[in-house]
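Not measured: the values here are computed from a predicted model. So that the names make sense, note that chain A is the first sequence line, chain B the second, and so on, each numbered from 1.
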2 protein chains.
Amino acid sequence: MKSLSDQTRFKIVGMLLTRDFCVGGLARTLDISEAAVSQHLKLLKDVGLVNGEKHGYFMHYQVERSVLEGLANALLGMTEVDRTLYGECQPRAREACRLCNSNE
Amino acid sequence: MKSLSDQTRFKIVGMLLTRDFCVGGLARTLDISEAAVSQHLKLLKDVGLVNGEKHGYFMHYQVERSVLEGLANALLGMTEVDRTLYGECQPRAREACRLCNSNE
DNA sequence: AATCTGTTTAAGCTATTACTTAATCAGATT
DNA sequence: AATCTGATTAAGTAATAGCTTAAACAGATT
């Protein structure tokens, strides 16, 4: 989730979903250094979101869609958590507030 | 997306999905100050992910599930983008590399 | 209306993170 | 094998973001 939090990284994933890009191509489009792109790609590779392969002189990266889908579905799953309404917080009784102090 | 990138914020959303919490309850569970929680909640409110209402002395927050679902579906939608494979990068011809220099 | 409680805002500090340049690496081309 | 080229790594810097304490706020209780 943190891997997609950065604007630039999000753009990179978006770009790589449409087609392959080499590092230089990403760097020029995003107007940052190739080193910066490489560092973002390293992070994305580490979480398995993208992988790359050599094509002659160039390294071409692409998105591992299943991983991205996994992330999306994890989020979607969260929304289905059941909601249990406990009792109310008791005014002036911080210690007695079951709702807020419960440890589960 | 950035709103869920922080570990603590992610936990807060997770907790609020199970039931209501007041600020103090979140703070004690997460072991950070109430001010810190309040700041996270402000951010989450700003993107519409949570909203809160006064209950006596306490402010109870809850997750706006539709917004969370929207985020998840946006991610899921991304994965369905069509992939167009352009030509290869041309070795030693940075300017000629259609794939990486194309602007679309 | 005065007071008390939970929450929020402000200010400042610290840690993290994204970027740059420079140096190094890997491997394709000659 | 020497020499290119694109990619990566390293080191340092600047910006961002999360936390804390202290002060201000809102509104429920007395």
Side-chain angles (χ1 to χ4, degrees), chain A residues 1-13 15-16 20-47 50-62 88-101, chain B residues 1-13 15-16 20-47 50-62 88-101:
Chain A
M1 197 86 285
K2 210 186 66 180
S3 42
L4 291 175
S5 66
D6 178 63
Q7 181 70 17
T8 302
R9 222 145 45 219
F10 193 77
K11 281 186 196 165
I12 288 177
V13 172
M15 289 175 71
L16 290 179
D20 286 358
F21 275 92
C22 63
V23 174
L26 290 166
R28 264 166 273 134
T29 307
L30 297 166
D31 199 34
I32 54 175
S33 71
E34 299 187 351
V37 171
S38 195
Q39 284 156 11
H40 283 305
L41 286 170
K42 178 173 172 26
L43 192 154
L44 290 170
K45 258 187 300 183
D46 287 349
V47 299
V50 310
N51 43 37
E53 49 184 55
K54 266 270 187 188
H55 274 229
Y57 266 107
F58 299 87
M59 195 74 187
H60 279 182
Y61 282 96
Q62 45 190 285
E88 298 285 316
C89 286
Q90 301 303 315
R92 303 187 156 227
R94 184 179 239 202
E95 283 69 38
C97 175
R98 257 198 247 109
L99 176 56
C100 295
N101 287 313
Chain B
M1 196 90 284
K2 209 185 66 180
S3 44
L4 291 176
S5 66
D6 178 63
Q7 181 70 18
T8 303
R9 221 143 46 217
F10 192 79
K11 281 186 196 163
I12 289 177
V13 171
M15 289 175 71
L16 290 179
D20 286 358
F21 275 91
C22 64
V23 174
L26 290 167
R28 264 166 273 134
T29 308
L30 297 167
D31 199 33
I32 54 176
S33 70
E34 300 186 350
V37 170
S38 194
Q39 284 157 12
H40 282 305
L41 286 169
K42 177 172 172 25
L43 193 153
L44 290 169
K45 259 188 299 183
D46 286 349
V47 301
V50 310
N51 42 38
E53 49 185 56
K54 266 268 186 190
H55 274 229
Y57 266 106
F58 299 87
M59 192 76 187
H60 279 182
Y61 282 96
Q62 46 190 285
E88 297 285 316
C89 286
Q90 301 302 317
R92 302 186 156 223
R94 187 181 235 197
E95 283 70 37
C97 175
R98 254 196 251 111
L99 176 55
C100 293
N101 286 313

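- When the C1' atom of dT8(D) is taken as reference, atom CD of Glu53(A) falls 18 Å away, rounded to whole Å.
- Partners of Met15(B) according to the side-chain contact (heavy atoms from CB on, under 4.5 Å) rule, which considers only residues two or more places apart in sequence or in another chain, are Phe21(B), Leu26(B), Thr29(B), Leu30(B).
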(Q) Treating primed atoms plus P, OP1 and OP2 as sugar-phosphate and everything else as base, which nucleotides of nucleotides 14-25 of chain D get B, S or - for protein heavy atoms under 4.0 Å? (A) ---SSBBB----

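- Side-chain N/O atoms of Tyr61(B) include one lying less than 4.0 angstrom from OP1 or OP2 on dT8(C).
- Residues meeting the side-chain contact (heavy atoms from CB on, under 4.5 Å) test with Lys54(A), sequence neighbours left out: Met59(A).
- Rounding to whole angstrom units, NZ of residue Lys45(B) and C1' of dT8(C) are separated by 8 Å.
- We find that CZ of Phe58(B) is positioned 11 Å from P of dT5(C), with the value rounded to whole Å.
- Atom NZ in Lys54(A) sits about 15 Å away from atom P in dC25(C), given to the nearest Å.
- When rounded to the nearest whole Å, the span between CE of Met59(B) and P of dA26(D) equals 13 Å.
- Shortest non-hydrogen contact noted between His40(A) and Ile12(A) is CB-CD1, 3.8 Å.
- Partners of Asp31(A) under the salt bridge (Lys or Arg N to Asp or Glu O under 4.0 Å) rule, at least two apart in sequence or in another chain, do not exist in this structure.
- Rounded to 10°, the helix from dA1(C)-dT30(D) to dT30(C)-dA1(D) has 30° between the axis fitted to its first five pairs and the one fitted to its last five.
- In this view, Lys11(B) satisfies the salt bridge (Lys or Arg N to Asp or Glu O under 4.0 Å) rule with no residue, not counting sequence neighbours.
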Q | Chi angles and distances behind the side chain to side chain contact (heavy atoms under 4.5 Å, CB included) call for Gln39(A), Leu43(A) | A | CA-CA 6 Å; Gln39(A) 284 156 11; Leu43(A) 192 154; over 6 Å; no

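- Applying the side-chain contact (heavy atoms from CB on, under 4.5 Å) criterion to Ser33(A), with sequence neighbours excluded, gives Ala35(A), Ala36(A).
- Heavy-atom minimum distance, His60(A) versus Cys22(A): CD2-CB, 3.7 Å.
- Between Leu41(B) atom CG and dT8(C) atom C1' there is a gap of 11 Å when expressed in whole angstrom units.
- Across the protein-nucleic acid pair, His60(A) atom NE2 and dG27(C) atom P stand 16 Å apart, rounded to whole Å.
- Residues forming a side-chain contact (heavy atoms from CB on, under 4.5 Å) with Lys45(B) (at least two apart in sequence, or on another chain): Val50(B), Tyr61(B).
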